[in-house]
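Okay, structure first, notes after.
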Amino acid sequence: DTAVSQTPKYLVTQMGNDKSIKCEQNLGHDTMYWYKQDSKKFLKIMFSYNNKELIINETVPNRFSPKSPDKAHLNLHINSLELGDSAVYFCASSQSTGVSDTQYFGPGTRLTVL
Amino acid sequence: GDSVTQMEGPVTLSEEAFLTINCTYTATGYPSLFWYVQYPGEGLQLLLKATKADDKGSNKGFEATYRKETTSFHLEKGSVQVSDSAVYFCALITNNNDMRFGAGTRLTVKP
């Protein structure tokens, strides 16, 4: 069974559209994250949720809105997509917010904005 | 702020060569340190971790020791294989649970 899953794996869309990426974890973890990996492979955290509450919100345009309907899901909705949003987006989860808690990553969603 | 600096690649080695990928960090407090690996077309996988000074993480022949005195967590493997070709990321978790990654080092191992 996949521990952290994301859908879709690939997403190609036009500028200006609104799209969502879904993430689910079956590890029973309390904390979930979204990361963006740019074309140079640099990974940057975007959001973190613990027990459905937002705990980290980096400087991300407000076109990006995370939604956590329950502890096992953290979806990412993006409004008015721009060319610069093209990247690979990774979801991750960890047991809690402890400094030694390992984060487990999903397979990534490659978003291409045309 | 807290950050991770790792040697930039790409790194190209022949099979059975010795590998070192340098990683140093800047952090307040006592972060946990990680190495993640990303194989072509796949997501990130945890390779190894260390949670306190002098801890050694190891997995699949890879090792890294948490050196507080030099703020380093260098990744080593004695004999690389073609299947080790991937991008390797050094990372730390800050006191507020924010994971910071290095820029990644691409390793290519040739037969």
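A quick note: this is a predicted structure, and the numbers were derived from the prediction, not measured. Order of the sequence lines fixes the chain letters, A, B, ..., with proteins taken first and strands second; residue numbering starts at 1 for each chain. Values below: every heavy atom of this structure, side chains too, minus hydrogens, waters and symmetry copies.
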Inset, instruction - Please lay out, stage by stage, how A:L43 and B:F89 fare under the test side chain to side chain contact (heavy atoms under 4.5 Å, CB included). - result: CA-CA 9 Å; A:L43 271 156; B:F89 293 89; 4.1 Å; yes

Legend entry - Side chains of A:E24 and A:S5, donor plus acceptor under 3.5 Å: no

Inset, instruction - Determine the interplanar angle of the B:Y25 and B:Y66 rings, folded into 0 to 90°, and report it as parallel if under 30°, tilted if 30 to 60°, perpendicular if over 60°. - result: perpendicular

Legend entry - Heavy-atom proximity to chain A below 4.5 Å, by part of B:Q38: side chain

Legend entry - Sorted by number, residues from residues 72-84 of chain B in contact with chain A (heavy atoms, under 4.5 Å): none

Inset, instruction - Pick one of side chain, backbone, both or neither for B:Y30, based on which atoms fall under 4.5 Å of a heavy atom in chain A. - result: backbone

Inset, instruction - Tell me whether A:L11 is reachable from A:L83 by hopping between hydrophobic residues (I, L, V, M, F, W, Y) whose side-chain heavy atoms are closer than 4.5 Å. - result: yes

Legend entry - Interface moiety of B:L44 toward chain A, non-hydrogen atoms closer than 4.5 Å: both

Inset, instruction - Taking all non-hydrogen atoms of both residues into account, name the closest pair between A:R63 and A:S80 and its distance. - result: NH1-O, 3.2 Å

Inset, instruction - Ignoring hydrogens and angles, state whether a donor on the side chain of A:H77 or A:S20 is under 3.5 Å from an acceptor on the partner side chain. - result: yes

Inset, instruction - Identify the two heavy atoms, one from A:G106 and one from A:F90, that lie closest to each other, and give their separation to 0.1 Å. - result: O-CD2, 3.4 Å

Legend entry - chain B contact via A:Q6 - side chain, backbone, both or neither, heavy atoms under 4.5 Å: neither

Inset, instruction - Assess whether atom CD of B:E15 is packed by more than 12 heavy atoms of other residues, nucleotides or ligands within 6.0 Å. - result: yes

